[in-house]
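Because only heavy atoms are used, hydrogens play no part in the values below, and waters and symmetry mates are left out as well, while side chains stay in. Letters go in sequence order (proteins before strands), and every chain restarts at 1.
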Protein chains: 2
Amino acid sequence: MGVEIKISLNGGLYLKEPQDSKLGRNIIMNSILLIDEFGFESFTFKKLAQKINSTEASIYRYFENKHMLLLFLVNWYWEWVSYLIKINTLNVSNPKFKLRIIIHSFVSAPKDNPGVNYVNESKLHDIVISEGAKAYHTKDVDSENSKGLFGSYKSLANNVSKVISEINPHFKYPFALATNLFEMSNNHIYFAKHLPKLTDISIVEDDFGEVENMLNFFVDKLLS
Amino acid sequence: MGVEIKISLNGGLYLKEPQDSKLGRNIIMNSILLIDEFGFESFTFKKLAQKINSTEASIYRYFENKHMLLLFLVNWYWEWVSYLIKINTLNVSNPKFKLRIIIHSFVSAPKDNPGVNYVNESKLHDIVISEGAKAYHTKDVDSENSKGLFGSYKSLANNVSKVISEINPHFKYPFALATNLFEMSNNHIYFAKHLPKLTDISIVEDDFGEVENMLNFFVDKLLS
DNA sequence: AATTAATGATAGTATTACTATCATTTTAAA
DNA sequence: TTTAAAATGATAGTAATACTATCATTAATT
């Protein structure tokens with residue numbers, strides 16, 4: 001019943017597609033809860049197995065290791081944001097307006113949006129904020145990148161960079177600005193919560209409006 | 001012989017001041033080399049002990065664990081950058097000019113600068129770029145922050161934010177811009193090397209000039 | 001020369017990150 | 001409906017990691 005979204009990801013991220021089985025979806029759902037609860041370092045497949053009444057061995061049949069699982073989640077997240085952006089900008093042609101909607105889509109994505117029942121998008125957002133950078137800060141970046149394991153993020157960045165270039169075709173840094181918007185959003189939400197001296201943003205009751213305003217201000221200034 | 005710099009850091013970062021003993025300095029020096037070589041995840045105190053012909057137990061007398069060691073290194077790095085900025089801007093009063101020098105100081109810091117013999121500043125810079133974000137993306141941020149373990153970064157951000165506010169007292173995001181300059185610098189150097197589709201920057205022969213140009217461009221636009 | 005501090009050597013423990021094997025259950029095909 | 005195949009569970013085991021503890025030795029200090 002209702003609309004079902006299935007997000008398709010690079011096959012190199014998993015050993016067996018977790019979205020296609022009950023156990024797989026359970027792994028996704030509860031890994032999000034556990035990583036959010038304990039942090040990525042303290043998260044283990046054993047804990048996850050216990051939580052879902054399964055075994056380590058079974059989880060290893062889906063994911064090579066917890067790093068791959070994190071990569072999977074992060075890619076899932078960016079694909080989902082891409083999807084949100086797509087539907088939110090469907091009939092919008094003005095690029096300036098489009099970029100505003102894009103920013104709103106990824107800053108406030110998890111709040112009030114169509115989701116998938118086995119994914120808590122809000123907690124997944126928190127994970128991307130707190131642990132996302134670890135997904136690509138590895139000794140294996142280059143080999144993982146060549147396998148396309150960062151494809152979702154790259155494709156999103158590419159799309160946003162196109163809108164930026166539409167607004168100002170002479171702007172020299174469309175990709176850097178695009179990625180910087182994502183990184184800044186995540187960073188300053190994190191700073192506001194944990195290292196407030198590093199930002200001017202404050203967050204009250206999960207309202208990321210100030211972040212959105214800041215990004216819009218940056219964009220306006222930079223592309224003028 | 002020559003000028004000696006000793007960088008003083010929050011005592012909570014270590015169990016025993018490593019800069020004061022031969023073994024301690026050896027730990028610092030070789031941990032930088034090993035983390036750079038293997039990446040933080042694969043770096044262990046055992047490997048380090050072997051490399052310096054010492055023992056795990058001895059290393060544990062200096063640092064609680066490898067996370068603390070990383071925090072120490074990162075703080076050391078930011079203190080060192082602060083020091084560079086201070087001497088490079090000694091007689092500069094124009095804040096716009098000052099900010100340019102600041103940017104140059106941290107982007108190209110490790111290239112041609114007075115250093116400390118037991119620290120390879122260039123490799124330490126690489127570590128900050130590749131692993132730095134892990135220092136504060138932990139479940140223990142809050143408690144570590146309350147102990148002042150991110151003090152060096154915060155104080156640097158504070159100083160830079162002051163210069164930003166001098167340039168434009170009406171600018172609403174001096175702290176966010178300051179930290180964003182650091183994060184952007186590190187991120188885009190990393191992207192240029194490993195995920196070039198995420199940036200417009202390219203780096204040829206360790207010349208970070210393009211990064212510097214980009215940051216200067218951003219600053220000029222945003223503060224105008 | 002005596003005392004204290006720093007380091008080394010060695011051993012041991014709990015946890016992690018897996019891999020392997022076989023039994024059982026579920027699903028799909030004939 | 002039976003049969004085969006695929007998925008999962010149960011159990012065991014291994015190598016490495018992240019420590020802690022104890023005692024011996026060496027170096028520094030008084």
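The phosphate of C:dA17 (OP1 or OP2) has a side-chain N or O of A:K66 nearer than 4.0 angstrom.
For B:F40 and A:H137, the ring centers are positioned 6.0 Å apart or more.
Note on B:Y62: only backbone sugar-phosphate atoms sit closer than 4.0 angstrom, heavy atoms only; bases stay farther off. Heavy atoms of B:Y60 sit under 4.0 angstrom from at least one base atom. Nucleic acid contact for A:N53: sugar-phosphate only, since backbone atoms but no base atoms lie under 4.0 Å from a heavy atom of the residue.
The nucleotide whose nearest atom lies closest to any side-chain atom of A:R61 is, among C:dC18, D:dC19, C:dT21, C:dT21. Listed candidates were C:dA20, D:dT20, D:dT8. Nearest to the side chain of A:A57 is C:dA20. Across C:dT7, D:dG9, C:dG8, the shortest atom-to-atom separation from the side chain of B:S21 is found for C:dT7. Here C:dT10 is the nucleotide among D:dC19, C:dT10, C:dC18 with the atom lying nearest to any side-chain atom of B:T55. The side chain of A:K16 has D:dT8 as its nearest neighbour among D:dT11, D:dA18, D:dT8.
Taking the ring centre of A:F38 as origin, the terminal cationic atom of B:K139 falls outside the region bounded by 6.0 Å and 45° from the ring axis.
Residue-environment remark: NZ (A:K197) stays at or below the threshold of 12 foreign heavy atoms within 6.0 Å.
Put simply, the side chain of A:D36 never gets that close to the backbone of A:I32: no donor and acceptor are under 3.5 Å apart.
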